[in-house]
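To find a chain, count down the sequence lines: A is the first, B the second, and so on, and within it residues start at 1.
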Amino acid sequence: MKSYREELWFDTKTRRAYLNITPQIDAAVKKSGVQEGLVLVNAMHITASVYINDDEQGLLRDYDDFLERLAPQEAVYRHNDTGEDNGDAHLKRQIMGREVVVAITGGKLDLGPWEQIFYGEFDGRRRKRVLVKVIGE
Amino acid sequence: MKSYREELWFDTKTRRAYLNITPQIDAAVKKSGVQEGLVLVNAMHITASVYINDDEQGLLRDYDDFLERLAPQEAVYRHNDTGEDNGDAHLKRQIMGREVVVAITGGKLDLGPWEQIFYGEFDGRRRKRVLVKVIGE
Amino acid sequence: MKSYREELWFDTKTRRAYLNITPQIDAAVKKSGVQEGLVLVNAMHITASVYINDDEQGLLRDYDDFLERLAPQEAVYRHNDTGEDNGDAHLKRQIMGREVVVAITGGKLDLGPWEQIFYGEFDGRRRKRVLVKVIGE
């Protein structure tokens with residue numbers, strides 16, 4: 001069994017951002033040399049997500065509106081009594097998820113025709129990490 | 001390490017549908033010959049989900065009501081400015097999730113007593129795929 | 001390839017509860033002897049979640065309020081026509097998710113600085129299980 005680990009770092013200019021990271025994951029899989037296996041891609045921070053969906057600008061704004069409607073930034077959160085101001089971001093991340101697991105087949109990401117891997121940032125403007133872990137053969 | 005890959009195809013008659021695909025995943029695991037490992041089951045399309053819950057007709061309607069309440073089909077979505085009419089389906093899919101990873105133990109799906117694997121379709125009436133990827137030994 | 005399986009049992013005193021189970025998962029990974037691999041941690045019941053977020057008391061109450069707002073215990077669910085009273089719990093679990101997959105690196109859980117693994121119970125006061133499955137080398 002082979003394994004490979006890589007960290008990706010992000011520092012978004014805005015509080016919330018949606019970044020297509022498929023090229024970086026594709027490159028990590030190639031570097032791993034794994035032909036058949038799985039790649040786990042997860043946010044290492046708890047106010048960010050990794051998810052898979054379409055890279056379409058209207059949709060990214062729809063997601064942002066949807067998340068802001070379900071967990072508004074300006075609402076009252078007990079978590080913010082700790083001095084934080086990111087209670088909303090902890091909730092938004094749960095809706096969009098922490099991680100994806102993607103199959104590797106023939107040395108490549110085994111994605112559907114429109115599947116793109118995204119980093120969803122809900123409390124940005126600081127350096128945060130994504131973990132890429134490949135296992136297989 | 002062994003690996004096995006299979007695609008399942010679906011073409012639902014209704015826009016939204018909830019199909020129990022546990023028998024197909026069970027069969028794929030048997031075909032793989034893997035005794036100890038993991039199986040990844042994911043929608044390959046971005047307006048559908050694979051999730052695990054109960055196969056109870058009332059609950060399936062509860063899920064449908066819940067998703068329609070959170071992301072109504074008839075609401076305004078920027079994504080629909082592209083000519084699509086499935087903005088709601090992209091949101092519904094995020095709530096229900098893209099994928100499940102299930103343990104394989106003793107050559108069988110290692111599921112709890114009520115766990116059933118479902119394909120959740122939110123923009124059907126066309127051919128769409130689910131990926132099954134097994135790794136283990 | 002090595003594999004290891006363990007069940008954790010819980011019996012919460014309250015209907016809903018949020019338990020930090022990171023120490024148990026850490027111990028299972030050590031017992032597995034796996035140095036490089038993945039650990040799957042999933043609820044075996046369909047009214048409970050395994051998720052990763054912060055162990056902060058205010059946040060746990062924020063999650064509880066959020067879930068109760070989206071899927072109130074006292075609302076009408078068709079599932080409850082079966083004689084059950086836990087329709088809300090099946091919905092809450094979908095929002096928080098069934099499972100997490102965590103990387104194992106150098107024989108340890110490869111978690112970010114604030115990542116803690118939680119068992120989310122939405123229909124407790126009875127014995128329920130979590131599955132831990134480790135694969136790797």
Side-chain angles (χ1 to χ4, degrees), chain A residues 1-7 9 32 34 37-51 67 69-72 75-84 86-102 122-123 127-137, chain C residues 1-3 18 22 34-42 49-71 91-118 120 134-137:
Chain A
M1 206 198 76
K2 280 181 185 173
S3 72
Y4 175 80
R5 180 192 194 275
E6 189 173 319
E7 288 181 3
W9 287 82
S32 76
V34 166
L38 299 176
V39 54
L40 166 71
V41 189
N42 68 266
M44 297 186 76
H45 295 256
I46 51 191
T47 50
S49 290
V50 173
Y51 73 92
L67 294 169
R69 181 158 53 84
L70 290 184
V76 172
Y77 299 99
R78 289 192 184 87
H79 181 58
N80 292 355
D81 293 342
T82 62
E84 298 277 359
N86 61 7
D88 69 304
H90 288 274
L91 273 64
K92 288 175 168 110
R93 119 70 171 259
Q94 286 309 119
I95 296 166
M96 296 300 275
R98 167 189 180 258
E99 77 211 16
V100 296
V101 177
V102 181
F122 308 115
D123 183 31
R127 278 166 60 76
K128 291 166 79 173
R129 282 178 291 164
V130 163
L131 177 63
V132 186
K133 183 88 181 188
V134 181
I135 69 162
E137 237 174 23
Chain C
M1 206 199 76
K2 280 181 185 173
S3 72
Y18 305 86
T22 316
V34 166
Q35 293 296 305
E36 298 294 322
L38 298 175
V39 54
L40 166 70
V41 189
N42 69 265
S49 290
V50 172
Y51 72 92
I52 286 181
N53 216 297
D54 198 0
D55 192 354
E56 194 277 305
Q57 293 308 306
L59 181 64
L60 299 182
R61 291 172 68 195
D62 289 331
Y63 279 136
D64 200 67
D65 288 352
F66 176 64
L67 294 169
E68 185 62 11
R69 181 158 52 84
L70 290 184
L91 272 65
K92 287 174 169 113
R93 120 71 171 257
Q94 286 310 119
I95 297 166
M96 296 301 274
R98 166 187 180 259
E99 77 210 16
V100 297
V101 177
V102 180
I104 300 169
T105 303
K108 289 183 179 170
L109 286 172
D110 196 341
L111 293 170
W114 301 100
E115 286 194 300
Q116 296 290 314
I117 307 172
F118 271 83
V134 181
I135 68 162
E137 237 172 23

Nearest-0.5 Å distance, CG of residue A/D81 to CG of residue C/L59: 11.5 Å
Contact winner vs chain A - C/I135, C/V100, C/I52, heavy-atom pairs under 4.5 Å: C/I52
Shortest non-hydrogen separation from A/H79 to C/D62 and the atoms involved: N-OD2, 2.8 Å
Shortest non-hydrogen contact from A/R98 toward C/V101: NH1-O, 3.0 Å
Using a 3.5 Å cut-off and no angle test, enumerate the donor-acceptor pairs between side-chain atoms of residues 34-41 of chain C and protein atoms at least two apart in sequence or in another chain.
residue	atom	partner	partner atom	Å
C/E36	OE1	A/K133	NZ	2.5
C/E36	OE2	C/G106	N	2.9

Chain C contact via A/E99 - which portion, at a heavy-atom distance below 4.5 Å: side chain
Engaged part of C/M1 at the chain A interface, taking heavy atoms whose separation is under 4.5 Å: side chain
Between A/N80, A/V134, A/I46, A/T47, the one whose heavy-atom pairs under 4.5 Å with chain C are most numerous: A/I46
Toward chain C, the part of A/N42 with a non-hydrogen atom under 4.5 Å: side chain
Taking every non-hydrogen atom, the tightest pair across C/E56 and A/T82: OE2-CG2, 3.3 Å
Partner set under salt bridge (charged side-chain N to carboxylate O under 4.0 Å, His left out) for A/R78, not counting sequence neighbours: C/D65
Inter-residue atom distance A/I95.CD1 - C/Q94.CD, 0.5 Å rounding: 13.5 Å
Which atoms of C/L70 approach chain A - backbone, side chain, both or neither, heavy atom under 4.5 Å: side chain
Shortest non-hydrogen contact between C/E115 and A/A43, atoms and distance: OE2-O, 3.2 Å
Heavy-atom pair count under 4.5 Å with chain A, highest-scoring of C/Y63, C/W114, C/Y51: C/Y63
